[in-house]
Amino acid sequence: MAATTENRVIASLKDSLISAVIAFALFGPIVGLKTETEPGGLALSAHFGTVGVIVAIVFVGRLLLNLLVWKADRPITRGLSGLIPAQTSLGGFGKFVAPVALLFALIFPFLPITDRYILDLSVLVLTYVMLGWGLNIVVGLAGLLDLGYVAFYAVGAYSYALLSTKFFPMLVEMGYVGGGIMDWAFWICLPLAGILAAFWGIILGFPVLRLRGDYLAIVTLAFGEIVRIVLLNWYWFTGGPDGISRIPRPSFFGIPFSRGEGGFADTFNLDYSSMQRIVFFYYLILALALLTNLVTLRLRRLPIGRAWEALREDEIACRSLGINTTNTKLTAFAIGAMFGGFAGSFFATRQGFISPESFTFIESAVILAIVVLGGLGSQIGVVIAAVVMIGGFEIFRQAEEFRMLIFGLLMVFIMVWRPRGLISSRKPSIGLHSRKAIGAENVAQGQG
Amino acid sequence: MASWSENPILKVEHLTMRFGGLVAIDDLSFDVGRGDITALIGPNGAGKTTVFNCITGFYKPTEGRLKLRHHDGDTFLLERMPDFKIARHAKVARTFQNIRLFGGMTVLENLMVAQHNPLMHASAFSFAGIFSLPRFRNAEAKAVERATYWLEHVNLIDRADDPASDLPYGAQRRLEIARAMCTGPELLCLDEPAAGLNPRESAELNKLLRYIGANHETSILLIEHDMSVVMEISDHVVVLDYGEKISDGNPEKVKNDPAVIAAYLGVDDEEVETVEQEVGV
Ligand SMILES: Nc1ncnc2c1ncn2[C@@H]1O[C@H](COP(=O)(O)OP(=O)(O)O)[C@@H](O)[C@H]1O
Ligand SMILES: [Mg+2]
């Protein structure tokens, strides 16, 4: 026993020493030698102290990992995995949490802790929840890896912005419609933006959807970028990098949130406050997000939703059962895009100003990260992931550049302990006697 | 004229399938009789699965014609149709040599997916479904009823709510057949349905296939290795070797065909007689 322990310590020391030497070889020249400008040219200055610290960290860290984790009889990490709740215990989790979360969301604007900043942040979180739910249809249910979801968010935002700042005023000017229409602009443009986004979903989907897996991912990524670059360069139409400003704010079903006569506060005998509009934004995005959720939950239990999931499980089997896989994928793409479009027009009306900068690839990545972290196909998982990620981003705002580091670490941790996302079990869409959750190990992730 | 050629559900005519230089099927013609159980047999690599893939549209045949006629007279030229339309309109269902179930979905869900097209129609492309109109609810209840019927016949009713990938191998094979039957096929193509089954399961399978043949407007075309299964249940046997038909007839005739024996035992034609004496046919 003592001998094996000794062996282990010696083996660990040896391994750590090798790592330290490699670290020295790597960091010696990179960190240890620095060029500095001097009057006569460049001079080398040595920083061997820093190198020493780095090498020591590598040595000690490697040694500890060796002794405690890799070569130990009882790795301490084993204790950690016990801390993660088992998937089965999360089965009933959604049933309990969902109504509580919904109730909380409904009364949230009136809680004493809620100030303007927090409410603004929650509107942002809810936007991402909605985008996550929309993308979940494509990635989680149909198993199509879409890296360009932001394109539809952009189409929705620009549709709303262009319709309300250019098209409607033009109609008013030409006398086809009365000026009152501007109060309703948002409510008319919202469905239009959704339809346009869905339309673009189909247009982009057609050529793309015969690809699978990595190829699909890369091409959707490219489409996302193409849309952004077109918006950037089509100057006379989209304003290019200047974006579109003075986008009309939404009205409370025709009653504008303005000071004075005929405004929201005046109509309902309230004191005017700019908070009213934010609270309205909050409920608006909450309603839109819940609509997304309701439609998704309902579609999952319809033949179309089952076909999406079957497609994720096995596309060839689907075709052998007479399912038109191209159309089925297109509907998933189009419906996901439509909700992205709704979210986009909400974004446009909330910001009042949009430019292509808001629709970069990183947005697609964040939305996808929310879906993957939450657990593909899980609605409540998306909510948790959105709150943690978007909320977390804000909390760590002071940490500046460390923010991304923390974010990355968190991501690595979750992927190690929960490779299928926070909530990865699947609830059957129909049951003969009961509907038991299906564990992640059975559920396919889709090949494209 | 043989009985299967009088009123065939499927006529395979001069079917040829080439993969680059490899001729997987070479000018193959045979008939599948209506209501029959037809077996397609042959050594490994003979091209049996390729024939299935041509019939079900997963491969486009290089040459040849596949003519399918429903019992009500509708005729389809399968070589011109894409795979999902063959399943949907020509009503040809199939199973796979390597089982392809929707593993993360329950047994019942697997059978509901198989009824996608009628259900989709009833849900009016999801509009009637979203609002749960009676028209859709009735159709769904009917679909569940049909699924239950097949689950009872393949002995899986107790496992209806379990994920398909949790089933034992034999049960997965049965489920795949039930799923194919839920599409209401005119022609059911089974690729090695008895592979990996124990003798008891194999006997159950024979019973199931006979039941289907006797009670449904479904003709069966199956690929099989196990000669005892083939001889016991099939009405008509077609033998392939290196993509060519080497024998075609009733089980008795095929069993005694020297060419078949040679192909299966891998001997030259001259030696067949000695082999025949050895194996006692
Ligand atoms: N997609 C394909 N591409 C190239 N060759 C194929 C393909 N499918 C089948 N083959 C070839 O065709 C021949 C027949 O295969 P198959 O039909 O699977 O035989 P089996 O009778 O065992 O089912 C084999 O030589 C196989 O390698
Ligand atoms: Mg085969």
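Because the structure is a prediction, the values reported are computed rather than measured. Lettering follows sequence order; numbering is per chain, from 1.
Here CG of L311(A) is found 8.5 Å from CZ of F102(B). Values are rounded to the nearest 0.5 Å. One distance of note links CE of M112(B) with CZ of R301(A); it measures 10.5 Å at 0.5 Å rounding. Note: F58(B) CZ to S320(A) OG = 5.0 Å, rounded to the nearest 0.5 Å. A distance of 9.5 Å separates CE of M120(B) from CD1 of I323(A), quoted to the nearest 0.5 Å. One finds the OG atom of S434(A) at 8.0 Å from the CG atom of D162(B) (value rounded to the nearest 0.5 Å).
The minimum heavy-atom distance between P303(A) and S123(B), with the atom names listed, is CG-OG, 4.0 Å.
Highest contact tally toward chain A, considering only L101(B), L108(B), V107(B), T56(B), is held by L108(B) [criterion: heavy-atom pairs under 4.5 Å]. Listed options A147(B), A160(B), P163(B) were ranked by heavy-atom pairs under 4.5 angstrom with chain A; first place goes to P163(B). Contact count against chain B (heavy-atom pairs under 4.5 Å) is highest for L302(A) among V443(A), T331(A), L299(A), L302(A). Top candidate by heavy-atom pairs under 4.5 Å with chain A, chosen from R94(B), R88(B), R179(B), is R179(B).
A donor-acceptor pair under 3.5 Å is absent between the side-chain atoms of D314(A) and the main chain of R100(B), judged by distance alone. Here the side chain of N324(A) pairs no donor or acceptor atom with the backbone of F84(B) at under 3.5 angstrom. A donor-acceptor contact shorter than 3.5 Å links the side chain of D161(B) to the backbone of L432(A).
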Inset, instruction - Go through E109(B) and R426(A) one step at a time and tell me if the salt bridge (charged side-chain N to carboxylate O under 4.0 Å, His left out) criterion holds. - result: CA-CA 13 Å; E109(B) 283 182 301; R426(A) 167 179 182 273; 2.7 Å; yes

